[in-house]
Amino acid sequence: FRESFSSRLSLSVFLFSFLNPSINASELQCVKDYKPHREDVQHLRILVHGSVGAGKSSFINSVESVLRGGIKRRAFAETNTSKSFTKEYKTYKIQKGQPGNFYPFVFNDTMGLELDEDGGVHPDDIKLAMEGHVKDGYTLNPASKLSSGNHYYNAKPTLNDKVHVLVCVASADKIPLLTEVDVKKIKDIRRKASDLGKSQHQDVHYEFFGIPMNCIFPVKNYHEEIDIKDDVDSLILSALRQIIDSGEDLH
């Protein structure tokens, strides 16, 4: 049973959603009705990062499963490994209704943070991605960041290329296993996001991350189920609503 944490979900909302599945229809409708407030923004861009096997790809799959009414597995996930399964910087659009129509928010998946100090995604690549400089399909290199001469470097990013919300994901059962290196990497990325003025949502939080307790969302990812469930959907929808709202706050 895998759980992850995502930010700003109050206990009262969590309990009400869990005990009253009918709230899902209202939450889902709000997401379906959402449109970016700014006319020059086609979609919110949500960047997901975290340790290897934390549930980053599973979270993206879980959001798509809720919104499309069935289990989806487009973002390949691997949990039993110390090395990141995701190698490319990739954008995921979620179909809304008919083919060719998509929700006005997208997710970007990244290579995980590995236990090895020199392993996993390069922190500077996360910053470049937040600034909109990383093009889709770039193969992330732990040894060096994306250079301005690379053809995957976007020299003139638009508001649609830039990241609006940074989401950090971690598996609840692996929190005690996080090392000082893990924590330092997460803190460094959070600091870079703060410098850029990005909204941050945490799928894990303890005091050593420096994230306030009111910035936590408990979320259970879909990873073994073959059908969606109301109680799981409630948590995912609540987290997604807060992620969208915080992205709009920065516009």
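Values in this document were obtained by computation on a predicted structure and should not be read as measured data.
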To the nearest 0.5 Å, tell me how far His43 NE2 sits from Tyr34 OH.
-> 10.0 Å
Side chains of Asp125 and Tyr138 in contact at under 4.5 Å (non-hydrogen atoms) = yes
Under a 4.0 Å N-O cut-off, is there an ion pair linking Asp231 with Lys229?
-> no
Report the C-alpha distance between Lys90 and Asn108 in whole Å, list the side-chain angles of each, state the deciding distance to 0.1 Å, and finish with yes or no for side-chain contact (heavy atoms from CB on, under 4.5 Å).
-> CA-CA 6 Å; Lys90 186 173 182 179; Asn108 279 96; 5.8 Å; no
Do side-chain atoms of Gln95 reach the backbone of Gly97 as a donor and acceptor pair under 3.5 angstrom?
-> yes
Just by distance, with hydrogens left out, do Asn141 and Ser144 show a side-chain donor and acceptor under 3.5 Å apart?
-> yes
Sub-3.5 Å donor-acceptor pair from the side chain of Asp33 to the main-chain atoms of Cys30, do we have one?
-> no
Taking every non-hydrogen atom, the tightest pair across His133 and Leu146 = O-CD2, 3.8 Å
Any side-chain heavy atom of Ile236 within less than 4.5 Å of one from Lys220?
-> no
Cluster question for you: counting only ILVMFWY and a side-chain heavy-atom cut-off of under 4.5 Å, with indirect links fine, are Tyr89 and Tyr153 together?
-> yes
Find out whether the Lys NZ or Arg CZ of Lys135 is both under 6.0 angstrom from the six-membered ring centre of Tyr152 and within 45° of the ring's axis.
-> no
Val169 with Ile94, same ILVMFWY side-chain cluster at under 4.5 Å = yes
Between Ala129 and Leu47, what is the shortest heavy-atom contact and its length?
-> CB-CD2, 4.2 Å
Side-chain touch Asp109/Tyr92, heavy atoms, less than 4.5 angstrom | yes
Spacing of CD1 belonging to Ile60 relative to OG belonging to Ser65, to within rounding of 0.5 Å = 11.5 Å
Compute both the distance and the angle, then confirm whether Lys96 meets the cation-pi test with Tyr103: under 6.0 Å from the six-membered ring centre, within 45 degrees of the axis.
-> yes
Between CD1 on residue Ile228 and CD1 on residue Ile71, distance to nearest 0.5 Å = 7.0 Å
Check whether any side-chain heavy atom of Ile244 lies under 4.5 Å from a side-chain heavy atom of Leu44, and answer yes or no.
-> yes
Do you know the tightest heavy-atom contact between His223 and Ser58?
-> CB-OG, 4.4 Å
Below 4.5 Å, heavy atoms only, C-beta onward: do Val66 and Val232 meet side chain to side chain?
-> no
In short, Pro157 meets Glu131 closest at the heavy-atom pair CG-O, 3.4 Å
State whether the side chain of Glu224 and the backbone N or O of Tyr222 hold a donor-acceptor pair below 3.5 Å, judged by distance alone.
-> no
Considering all heavy atoms of both residues, which atom of Val31 and which atom of Arg241 are nearest to each other, and what is their separation?
-> CG2-CD, 3.8 Å
Can Phe105 be reached from Phe59 by stepping across I, L, V, M, F, W or Y side chains whose heavy atoms are under 4.5 Å apart?
-> yes
Lys56 and Gly50: which non-hydrogen atoms are nearest, and at how many Å?
-> CD-N, 3.3 Å
If only atom types and distance count, is the side chain of Asn160 paired as donor or acceptor with the main-chain N or O of Gln42 below 3.5 Å?
-> yes
Out of curiosity, Glu88 CD to Asp136 CG, how far, rounded to the nearest 0.5 Å?
-> 8.5 Å
If only atom types and distance count, is the side chain of Thr110 paired as donor or acceptor with the main-chain N or O of Val48 below 3.5 Å?
-> yes
Would Leu140 end up clustered with Met130 when hydrophobic side chains under 4.5 Å apart are linked, directly or stepwise?
-> yes
Verify, without hydrogens or angle tests, whether His164 (side chain) and Leu159 (backbone) share a donor-acceptor contact under 3.5 angstrom.
-> yes
From NZ (Lys145) to CD1 (Ile126), nearest 0.5 Å | 13.5 Å
Does Asn154 offer a backbone N or O that forms a donor-acceptor pair with the side chain of Asp161 under 3.5 Å?
-> no
Quick one: does Glu248's side chain have a donor or acceptor within less than 3.5 Å of a partner on His37's backbone?
-> yes
Between the main-chain N or O of Ser62 and the side-chain N or O of Asn221, is there a donor-acceptor pair closer than 3.5 Å?
-> no
Any chance you could measure Asp233, atom CG, to Leu240, atom CG, to the nearest 0.5 Å?
-> 11.5 Å
Linking I/L/V/M/F/W/Y whenever any side-chain heavy atoms sit under 4.5 Å apart, do Phe107 and Leu28 land together?
-> yes
Please check if the side chain of Ser238 supplies one atom and the backbone of Leu235 the other of a donor-acceptor pair under 3.5 Å.
-> no
